Amino acid sequence: MNAQIQAPTVRLFIALAPPDDAKEELAQALRPAHDAHPRMRWNRIEDWHITLAFLGELPRSAGSLLRPPLAALAARRQPLRLALRGGGHFDERVLWTGIGGDLEGLRVLVGEVRALVREQGITFLDRPLNPHLTLARSRRDDTAGVVQAAAGLSAFTGRTWQAGRLHLVGSNVGRGPGPIHYRDIESWPFSGAR
């Protein structure tokens, strides 16, 4: 019998996820860059997300601790109207697309999420909000692709969509070879979400 062994810790973050049609719209815009720079480490489309709070490596029990307050927070919040916009890079190494729409509402939600995490006694690196969706990373020996792909995305304007769910996400970072994969541990609808 081949039993899967679970690690005692999990890398957690809280996020929003664009709907599939918004992601596909961006994937179409990225196709020329993807074809021109296949050596870049492209994130899987199903893993695209907007991080609200990155919590890092925590005991598995932290997920259980966060579930009730995150569910309550989602139940009292209205959905946000957001869009994927433009492109850029961090240090010529990380390609991203920006977020447009209700950025003030997004900032308020981020503040509420991070306060909730601290109230549960979980410490994390509280980085300033820079709303984006990470698309790819360069190889150490080739950073030109990220810069070129960002320039190609600069005029991208995606359709507006409703962020209707709050997601608690885990990743497999450091858990073996291959790319990073994310999985929803749980997600909760915002009040009035379609």
Side-chain angles (χ1 to χ4, degrees), residues 6-7 9-27 42-85 94 96-120 122-136 158-175 179-194:
Q6 283 195 342
T9 61
V10 64
R11 188 163 286 197
L12 293 175
F13 58 91
I14 300 162
L16 300 175
D20 289 344
D21 54 349
K23 292 191 289 188
E24 186 54 41
E25 184 180 36
L26 176 59
W42 292 92
N43 290 1
R44 299 177 328 149
I45 190 171
E46 58 268 31
D47 290 338
W48 288 354
H49 63 273
I50 302 161
T51 302
L52 306 179
F54 178 74
L55 308 182
E57 195 81 17
L58 295 171
R60 286 198 172 273
S61 60
S64 298
L65 182 68
L66 289 168
R67 284 181 172 126
L70 286 172
L73 173 62
R76 65 178 182 267
R77 296 280 287 135
Q78 291 297 308
L80 297 172
R81 303 285 297 164
L82 301 174
L84 303 174
R85 297 260 195 291
V94 177
W96 52 262
T97 188
I99 307 301
D102 185 5
L103 295 181
E104 183 54 35
L106 182 60
R107 283 184 182 82
V108 170
L109 176 61
V110 165
E112 291 173 349
V113 163
R114 293 178 182 189
L116 176 151
V117 170
R118 283 189 293 273
E119 287 167 9
Q120 302 310 308
I122 296 172
T123 58
F124 62 100
L125 184 58
D126 196 358
R127 297 179 178 145
L129 177 65
N130 183 359
H132 70 281
L133 188 153
T134 300
L135 303 169
R159 68 170 189 81
T160 301
W161 45 272
Q162 178 177 280
R165 297 187 78 80
L166 187 62
H167 300 260
L168 178 62
V169 183
S171 76
N172 69 340
V173 170
R175 306 242 189 282
I180 298 168
H181 292 141
Y182 303 101
R183 65 174 177 81
D184 261 11
I185 293 171
E186 195 162 343
S187 68
W188 304 271
F190 291 127
S191 174
R194 292 184 259 126

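Here the structure is a predicted model, which is why all the values come from computation and not from measurement.
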[X] and [Y]: which non-hydrogen atoms are nearest, and at how many Å?
X: Gly158; Y: Glu25; value: CA-OE1, 3.5 Å
X: Pro79; Y: Gly164; value: CB-CA, 4.3 Å
X: Asn43; Y: Thr134; value: ND2-O, 3.1 Å
X: Val10; Y: Gly170; value: CG2-CA, 4.2 Å
X: Ala22; Y: Trp161; value: CB-CD1, 3.6 Å

Selection residues 96-109 - residue pairs positive for side-chain hydrogen bond (donor to acceptor under 3.5 Å, both in side chains), sequence neighbours left out: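 side-chain hydrogen bond (donor to acceptor under 3.5 Å, both in side chains) check on residues 96-109 returns no pairs.
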
Could you pull out all residues at least two apart from [X] that satisfy side-chain contact (heavy atoms from CB on, under 4.5 Å)?
X: Ile185; result: Leu12, Arg67, Leu168, Arg183
X: Ala75; result: none
X: Arg118; result: Arg114, Ala115, Phe124, Asp126
X: Asp184; result: His167, Val169, Ser187

Rounded to the nearest 0.5 Å, what separates atom [atom1] in [X] from atom [atom2] in [Y]?
X: Leu129; Y: Leu52; atom1: CG; atom2: CG; result: 8.0 Å
X: Arg77; Y: Trp188; atom1: CZ; atom2: CH2; result: 15.0 Å
X: Arg11; Y: Leu58; atom1: CZ; atom2: CG; result: 10.0 Å
X: Asp20; Y: Glu46; atom1: CG; atom2: CD; result: 9.5 Å
X: Ser64; Y: Gln120; atom1: OG; atom2: CD; result: 12.0 Å
X: Leu84; Y: Ile99; atom1: CG; atom2: CD1; result: 5.0 Å

Is any side-chain heavy atom of [X] less than 4.5 Å from a side-chain heavy atom of [Y]?
X: Pro69; Y: Glu119; answer: no
X: Phe190; Y: Leu166; answer: yes
X: Leu116; Y: Ile14; answer: no

With [X], which residues qualify under side-chain hydrogen bond (donor to acceptor under 3.5 Å, both in side chains), at least two apart?
X: Thr160; result: none
X: Arg85; result: none
X: Arg159; result: Asp21

With His49 via ring pair (Phe, Tyr, Trp, His ring centres under 6.0 Å) - residues at least two apart: Phe13, Tyr182

CG (Asn130) with more than 12 external heavy atoms under 6.0 Å: yes

Worked check of side chain to side chain contact (heavy atoms under 4.5 Å, CB included) between Phe54 and Leu125: CA-CA 7 Å; Phe54 178 74; Leu125 184 58; over 6 Å; no

Contacts of Arg76 that satisfy salt bridge (Lys or Arg N to Asp or Glu O under 4.0 Å) - sequence neighbours left out: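 Arg76 satisfies salt bridge (Lys or Arg N to Asp or Glu O under 4.0 Å) with no residue once adjacent residues are dropped.
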
